[in-house]
Amino acid sequence: MEKTVTLQDSGAIDTQTLDINIGPQHPSTHGVFRMNMKLDGETVVSLKPVMGYLHRNHEQIAENMFYLGSMPYTDRLDYFNSMTNNFVYALTVEKLAQIEVPERADYIRVIMSELTRLVNHVSVTGFLLNDLGAFFTPVLYAFRERERILDIFEEVSGARMMCNYFRFGGVKYDLSGEALVAIKDVVSRFPKFLDEYEKLLTKNEILCMRCQNVGILSPELAISASITGPMLRASGVNYDIRKVDNYSIYDRFKFRVPLGKVGDVYDRYYVRILEMRESLKILEQALKEIPAGEIMAKKMAPFVKAPRNFKPPLGESYARVEAPKGELGIYIVSDGTPQPWRYHVRAPSFINLTILEDLCVGHKVADAVVILGSVDIVLGEVDR
Amino acid sequence: MDQLFVGIKTALLSMLGTFMPDWLVTVHSVLISATGIAIFGPLTMMYLTLIERKVVARMQNRLGPNRVGKFGLLQPVADGIKMLTKEDIVPYKADKLLHLLAPITIVVPALMVFAVLPFGRGMIAADLNVGILYFLAVSSTTTISIFIAGWGSHNKFALLGAMRAVAQMVSYEVPMVLSLVPALMIAGSLSTGAIVAAQAERWFAFTPWGFVAFIIFYLCGVAEVNRSPFDLAEAESEIVAGFHTEYSGMKFALFYMAEFMNTFTISALAATIFLGGWHGPFLPSWFWFLLKTYILIFVMIWFRGTLPRLRIDQLMGLAWKFLLPMALVNVVVAGFWYMSSGVIRTFGSIACLVVAFMVLTALNRPYVPEKREYTFAEN
Amino acid sequence: MIIPLEHILMFSTLLFAIGVYGTLVRRNLIGILISIELILNAVNVNLVAFSRTTALSPDTGQIFTFFVIALAAAAAAVGLAIVLALYRTSRTIFTD
Amino acid sequence: MTELTFIAQLGIYAMMFVVLAAAVAAVTLRNLFHCALALAGVLIGVAGMYLAMHAEFLAMVQILIYVGAVMTLIIFAIMLTQRLGAGDVAQNNKQSLFGAVAAAGFVVTLGGILWKTPWPVKEEAVTSSFSASDLGESLMTTYVLPFEIIAIVLFAVLIGAIVVARKDAPKGAEQ
Amino acid sequence: MFYGSGVLRGMLVTLKNMIQSYFCKPEDGGLFTSQYPEKRLPEKERFRNFPFLIYDKEPENLRCVACDICAKECPPKCIYIIRDFDTDGKPLKKPKIFDIDLTVCMNCGICEEACPFDAIYMDHEFEISGRERQGSLLYHKDDLLKSNEHFHKIRPTDAAAIDTRRQEDEAKKQAVKKEPPKPPSTAS
């Protein structure tokens, strides 16, 4: 934790505002992100987030790359859930080029994105506890379940985190028999783990003391700052893109959207736990109804072997997906050539981060770190 | 087996006595027990670091250090060598004298406290008749050494950490002393040996007031040692590493040693006063003492493996608004328990304590978790 | 008592003299408070010495010392509170 | 057993010397923090003296109250009133010479008187054992009134200190 | 119920986990760390790491024809190919230089998809380290060449499927050769 401290020394004991910046090294495990804080004693007076340390020029590269070439780059956007990033890129291009996705591919896509939602929410609650000071135990319980799901991703797509599994018009490999069995096994074991996880955390007095009524986000501020995802739903606003857009085949599944009431750190934590239970419901239904059939649209067959001469028609398209962190969208303008003319990613973490100051002012230093943990950002997506 | 160590010591003394004047023999007896402690102290510290890492690892479903030595048994030796060889950096404008003085003044009290612990029947280094007061006095001097560490390392955050640690230790000392009062009152004397003798047929922890006093004493001990739920002084997520930010190499090892020895002494004292010291059915007395102490140390490590950290104002609130009144009520209940007898004694005291607990939780409304309900949208 | 009484009395007078010197000479208010602590400790040593060797009932000296310690702590508390208030108003705690 | 008492005497004289040296340091050192630590040394030395005079309870109380609480107060005061690492300002005012002379004169006169007067040392008082329990009993029986008064005094001091040192002092005092 | 109950219940969970780690099997809550260097986890077949070039039987007749498609398709552009020319300057269907910079490659597997001649596939080799940045991690042609048997060993099902497909193409080509030669077929 790099500390550059400038002490405004005004002599009198009580007016000493301390200018700290919780530096880019490790503001408690959230990547390279700096918070410039002015402290009066323990309470935060002002907070300026400083980002851009992990900017890799993803959008410019995508404009000089074939369409399929930037699919592996989308894995690196929010490196915690690469499947949902691929999903949104595939959806945008399919909307652009009017490609019909076969049934089985759609089911596989839904299963994969719900599995990433489990991985993300379980790790985020773990890291939140880590910011609170629990010495890595919740994180390691979360990682035990995450390992099982990452093994499935490896078996299905070839890589644990950088899956590069979706293709325009379907998916790259088919879901083999024992992969399906492994997924059923994970999904059946997850609720038992979740109950134990909740027994460890939800009623824990210290967690309640540290999280309740801390960093309260009012629904009006959330809507005006276009916050999306669990943060928005924790403040009580009912907006889940799976229900609003009904993209892909989400309308076939019966699931509910949990909403909080107060909108503080505790609500954000608990809404994520409830969302995990809903995802499990979707997974069970999807695993039951998955049909046989081929996994790649007929229209895209010639481009499987020659991705470079895939030229979507002229035009623009924007598709969005309920990523675990919020509304993740990709906007593409194509000029008929195999390279997109304009490529832009709407990153939920970046937008959820803009209100960090309003949440943190007035709280203590310890709370600022916890609020940052509850906002759940991944720097790959914030800086792109 | 019970008097094993005492036997060894008397044998040694008689062997020495043959060719030495008797006053030199008494000096030697003091020396022998002193070296016994000087060996036992750092040894427990080394293996406590290993036990802690192994136990927390097992709680997290992983193995813990097992590369160095058979089951990782040589890990503390490896850590020790690493600490010795690490370069010892003193910050530029820091006060050299203070920077050196702090680790010494924190380890000395940690070792001095061992003198008063009754390891077994007849195995107390110095059975002072002000034993407990000696323990409190010595453990209160560590506040100064934390200040010296904070001020000596000339770093704004070390100072902030030191201020926080001292405020925490001072405010947790009061309920700690008050939670000891009922035990001393019933045992009738300050010396640890007498207290253990008073618990021959009934351990204090099994009496209602003893149980509450034990919990309060144990929580305050954990806070005094800056461990787990109260380890705000070295909260990595907030300020860097508290008062020992600027220390490295052997000086940091001394801080580390002091912390673990304090863990041992606090648990040992809790075992002595509330869990009947070395009383136990048929196993040798010193084995019972070590067993109880290590169980309490396991509970401390268990805290560390599970509980998140308290914020500074909640920490203070807990000490002044919850533990202190609870300890005062406990003193009254212990008096009532001592005076009365029979059924009304136990039920009266239990009822009184439970009522006090309820009233206090009601009074501390902002800290008690509130019920939360969540709606589910169907559309 | 292992050592004769006169030696202890000499020791406490020396301590007392150092305390007096400190109070007279020190510019810093806290320095003066420290010297006052020295004086009180010298007095306590005397009290305990007398109670151990000459007094009719041994406890009077010790009880007296007990109260002196308590009051000295109280005095230090109030003194330092005043020092803080003084520092806040006049920015320095030097007596001249 | 005489060798033991000889060693003990040696120890006590050494402790006396150390305490005096620490006292001189506490009074003359330039850096105030070092003075405070020297004072801590003096206090622990004095507690050692009590032990030498078989007053264990007093020694422990002295360490607990002085070293535990008063030293913390002093160090807090030093930290709040001094900027981190401010230069060492001259600590002694001009009358240091006169002060030394006055103190030396005081020592000479009192020392002379002390040395000559035949103190009525009673043998049985030296050997009588006086443990913490006797102290407790006398506190509760003969000296119970001062015990209660000291409680009230401490309570008053508690409130007084807080009111005086309160951070948001009334607007008038603030510049 | 009472104030500290949440904390106690949480602690019982960690205690249960601790006891389980001694007695249960890895699946239901037991200890699942595997001692890496001594005991290795079974590798998944589709696991993909750095690419490698396949040759049938001897390293000379490798399948790659230096058509440069994978170099164009590779997103981070880490493949570098120079065609081989025989003595009198006629281009050969073999690469003289085929370098892959492993520090740049991100194992995305697009070269495997884009290659029409089944020449480049993803390997399971991940324990690779180099002492300096450019030196040993820039793999040349001979470091990349691996036999078909190796391919069968690491990815049995895919290798078998590809081999059968190649046999059929071979058979079809033979069949075409037996019949009268048709006008030169368009680019395959």
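Chain letters run A, B, ... following the sequence lines, proteins first and then strands; every chain starts at 1. Since we're looking at a predicted model, the values are computed, not measured.
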By a 4.5 Å heavy-atom criterion (distance strictly below it), what part of [X] contacts chain E: side chain, backbone, both, or neither?
X: A:Lys172; value: side chain
X: A:Met162; value: backbone
X: A:Leu68; value: both
X: A:Tyr141; value: side chain
X: A:Asp75; value: neither
X: A:Arg76; value: side chain

Heavy atoms only, distances under 4.5 angstrom: which of A:Arg160, A:Met65, A:Met71, A:Glu155 has the most pairs with chain E? Name it, please.
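Going by pairs under 4.5 Å, I would pick A:Glu155.
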salt_bridge([X], [Y]) N-O dist < 4.0 Å:
X: A:Glu198; Y: A:Lys192; value: no
X: A:Arg210; Y: A:Asp131; value: no
X: A:Arg189; Y: A:Glu145; value: no

Whether [X] and [Y] hold their rings parallel, tilted or perpendicular, with breakpoints at 30° and 60°:
X: A:Tyr89; Y: A:Tyr343; result: perpendicular
X: A:Tyr269; Y: A:Tyr266; result: tilted
X: A:His58; Y: A:Tyr73; result: tilted

With a 4.5 angstrom heavy-atom cut-off, could you sort out which part of E:Glu112 is near chain A: side chain, backbone, both or neither?
both
At a heavy-atom separation under 4.5 Å, does E:Leu8 approach chain A through its side chain, its backbone, both, or neither?
neither
Using ring centroids (six-membered ring only for Trp), state whether A:Phe87 and A:Phe166 fall under 6.0 Å.
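Judged by ring-centre distance (under 6.0 Å), A:Phe166 and A:Phe87 do meet the cut-off.
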Ring centroid separation E:Tyr121 to E:Phe52 under 6.0 Å:
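Between E:Phe52 and E:Tyr121, which both carry aromatic rings, the centre distance is not below 6.0 Å.
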In terms of heavy-atom pairs under 4.5 Å with chain A, which of [options] leads?
options: E:Leu12, E:Thr14, E:Asn17, E:Leu41; answer: E:Asn17
options: E:Lys72, E:Met11, E:Glu45; answer: E:Lys72
options: E:Met106, E:Met122, E:Lys77; answer: E:Met106

